[in-house]
Number of protein chains: 2
Amino acid sequence: MESGNFGTLMRGAYVQTFPPQIELVTEGDRSDFLHIVVEGTVEMLASWDNRDTTMAIVRPLGTFILAATIRDAPYLMSARTMEKSRLVLIPSEDVRDTFERDSDFARAVVAELAQCYRASIKNTKNLKLRSSLERLANYILRQQIESEGARVFELDIEKRRLASILGMTAENLSRAIKTLQPYGVKIEGSRVTVSNQKSLLDLAKPTPLIDDPTC
Amino acid sequence: MESGNFGTLMRGAYVQTFPPQIELVTEGDRSDFLHIVVEGTVEMLASWDNRDTTMAIVRPLGTFILAATIRDAPYLMSARTMEKSRLVLIPSEDVRDTFERDSDFARAVVAELAQCYRASIKNTKNLKLRSSLERLANYILRQQIESEGARVFELDIEKRRLASILGMTAENLSRAIKTLQPYGVKIEGSRVTVSNQKSLLDLAKPTPLIDDPTC
DNA sequence: TCTGCCACTTGATAATTATCAATCCTAATA
DNA sequence: TATTAGGATTGATAATTATCAAGTGGCAGA
């Protein structure tokens, strides 16, 4: 974007460091700020009737509630820091103003939004078309790719959270992990070992149209 | 948008009428055209490993694959006419060009995209936080609202498709409908009668953050 | 009017997933 | 080193959802 517009945006912005387990935004609130995670980890949650679920994990450099900011609509999810995190907060109005003024910025916003939308569609396909075991198998494969294909790598979230992301209970995640043993997957603590890639692929049947975050 | 730009877009566009049950776009294909439904009904589907699911129904005036068009990425869903339908097809490249040139158009595209994204998030919440019975109850309430709150109204899609939209089998939809009888819901053919709104609301617990398509 | 197709329904059963309770393990803290 | 809190696991059971196999019924076309 144009550097003058960037300067305007930044002049109105706050940089702030938050302790762990702080609720940054609450489902249903008005969207006053666009949030950008610069450091740390933020969990996006949704709840209904005393149930709740983890919708996503946001890490640097990720944004959240761009859509609510654009539409000036209430947040659909809550956000909570998982660890000490540093965020940039840009007033929603400034974002909307800059969008009008700077076409490069507008293009970037649209690209980001379209990406988020497609990610959400992929997630829906994952939930509706696959069993929980298949979702876990594909999750492991994706994490492996993000670890440059290493045979052994670390899970970067707690299992209870992973269970919620995958739409299952922590108990069933434990059982699903055992079920994957015959497919050459061993998980000890947060250390994952994939000893039979082929058989895991055979079970998971990953496809870019669900599992490739960049496509 | 500016009328000159609109003219340019339309000069490159096709208007075409399709018979029922025609596959308009196929999951995984490149996105050549932005599609706009002018008349009729289009079903959006996704499939994986011999399973498939209905992701959405598009009616006039609705668009589909805007995000794929913007990102020049493959379609994540297939589209199929449910009845004789008339569509406008605009070459994706023209859409991207006009987006650069016309800031009003750009704003409209972003508003539409943000809306689609939020709809998808709401759908995910619906799927992850509610049982199939609760999803059905809320679906009925939403349809009732779209029928101006009438006590009796018609379902506008087949039950098998409704089941797929709600993420359940046709058999279980049948049973869920019977389960709703004590809550004052009767469905005969496609005619729905809600005789005890209060008790249905009590079960469904609708919230704008999931069930209001405009919020 | 008859016929056949297809959506819908129903019942029986199986698979999947959740819940509850108890225990194990680990890591932080006194 | 001992203590403890909370995540993780396990087992038993229940609830939810899917599958399979017959039916039923309505509607379009012959």
Side-chain angles (χ1 to χ4, degrees), chain A residues 19-21 41 43 47-54 57 80 82-84 126-140 154-181 185-192 203, chain B residues 19-21 41 43 47-54 57 80 82-84 126-140 154-181 185-192 203:
Chain A
Q21 305 301 329
T41 315
E43 181 183 16
S47 67
W48 178 78
D49 190 36
N50 286 329
R51 283 162 254 185
D52 54 49
T53 188
T54 300
I57 305 289
R80 188 165 60 198
M82 288 173 61
E83 53 183 334
K84 193 176 155 200
N126 197 30
L127 286 169
K128 288 182 81 176
L129 292 167
R130 288 174 174 162
S131 72
S132 61
L133 187 66
E134 290 163 340
R135 294 198 293 273
L136 173 60
N138 279 290
Y139 180 86
I140 290 169
E154 300 278 326
L155 292 178
D156 52 5
I157 48 173
E158 284 175 307
K159 291 198 182 124
R160 57 203 310 274
R161 259 174 254 273
L162 174 56
S164 183
I165 289 174
L166 295 177
M168 59 201 296
T169 58
E171 293 94 326
N172 281 331
L173 174 58
S174 262
R175 296 182 187 111
I177 287 172
K178 284 212 290 192
T179 309
L180 285 184
Q181 273 176 15
V185 177
K186 198 158 64 182
I187 305 186
E188 296 157 315
S190 66
R191 176 173 304 274
V192 182
L203 170 68
Chain B
Q21 306 300 331
T41 316
E43 181 182 17
S47 67
W48 178 78
D49 190 36
N50 286 330
R51 283 162 254 186
D52 53 50
T53 188
T54 300
I57 304 289
R80 186 166 60 198
M82 289 173 60
E83 51 183 335
K84 193 177 154 200
N126 197 31
L127 285 169
K128 287 183 81 176
L129 292 167
R130 288 174 173 161
S131 71
S132 62
L133 186 66
E134 291 163 339
R135 294 197 293 273
L136 174 60
N138 279 290
Y139 179 87
I140 290 169
E154 299 278 327
L155 292 177
D156 53 4
I157 49 174
E158 284 174 306
K159 291 197 183 122
R160 58 202 309 273
R161 259 175 254 272
L162 174 55
S164 183
I165 289 174
L166 294 176
M168 59 202 294
T169 59
E171 292 95 326
N172 280 331
L173 174 57
S174 261
R175 295 181 188 111
I177 287 173
K178 285 213 288 193
T179 309
L180 284 184
Q181 275 177 14
V185 177
K186 198 159 62 184
I187 305 186
E188 294 157 314
S190 66
R191 177 174 303 277
V192 183
L203 170 68

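Quantities reported herein were computed from a predicted structural model and do not represent experimental measurements. Every chain is numbered from 1 and lettered A, B, ... according to where its sequence line falls, protein lines coming before strand lines.
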A:Lys159 and A:Glu171 ion-paired at < 4.0 Å: no
When the distance from CZ of A:Arg51 to P of C:dT19 is rounded to whole Å, what number comes out? 8 Å
Protein-nucleotide distance (A:Glu83, atom CD; C:dA28, atom C1'), rounded to Å: 17 Å
Do any side-chain nitrogens or oxygens of B:Ser174 fall under 4.0 Å of OP1 or OP2 in C:dT10? no
So, is B:Asn172 close to the D:dT17 phosphate, meaning a side-chain N or O under 4.0 Å from OP1 or OP2? no
D:dT16 P sits how many Å from B:Leu136 CG, rounded? 15 Å
Among D:dT17, C:dC8, C:dT17, the one nearest any side-chain atom of B:Ser132 is D:dT17
In whole angstrom, what separates A:Leu133's CG from D:dT17's P? 19 Å
Heavy-atom closest pair (B:Leu133 atom, B:Ala176 atom, distance to 0.1 Å) is CD1-O, 3.6 Å
Taking N and O atoms by type only, does the side chain of A:Glu171 place a donor or acceptor under 3.5 Å from a partner on the base of C:dC20? yes
For the pair made of CG in B:Leu127 and C1' in C:dT17, what is the distance, rounded to whole Å? 15 Å
Can you tell if the side chain of A:Asn126 reaches within under 4.5 Å of the side chain of A:Tyr139, non-hydrogen atoms only? no
In plain terms, say whether B:Arg161 and B:Glu158 are close enough for a salt bridge, that is, a side-chain N and a carboxylate O under 4.0 Å apart. yes
Report the nucleotide, chosen from C:dT9, D:dA18, C:dT10, that has the shortest atom-to-atom distance to any side-chain atom of B:Lys178. C:dT10
B:Arg175 or B:Arg160, whichever maps to the more 5' nucleotide of DNA chain C: B:Arg160
For a 4.5 angstrom cut-off between non-hydrogen side-chain atoms, does A:Thr41 reach A:Ile57? yes
To the nearest angstrom, the NZ-P distance between A:Lys159 and C:dT26 comes to 11 Å
Using a heavy-atom cut-off of under 4.0 Å over every strand shown, decide if B:Glu158 touches base, sugar-phosphate, or nothing. sugar-phosphate
Taking only N and O in the side chain of B:Thr169, is any of them less than 4.0 Å away from OP1 or OP2 of D:dT17? no
Output the rounded distance in Å from CD (A:Gln21) to P (D:dG6). 12 Å
How many Å lie between CE on B:Met168 and P on D:dA15, as a whole number? 18 Å
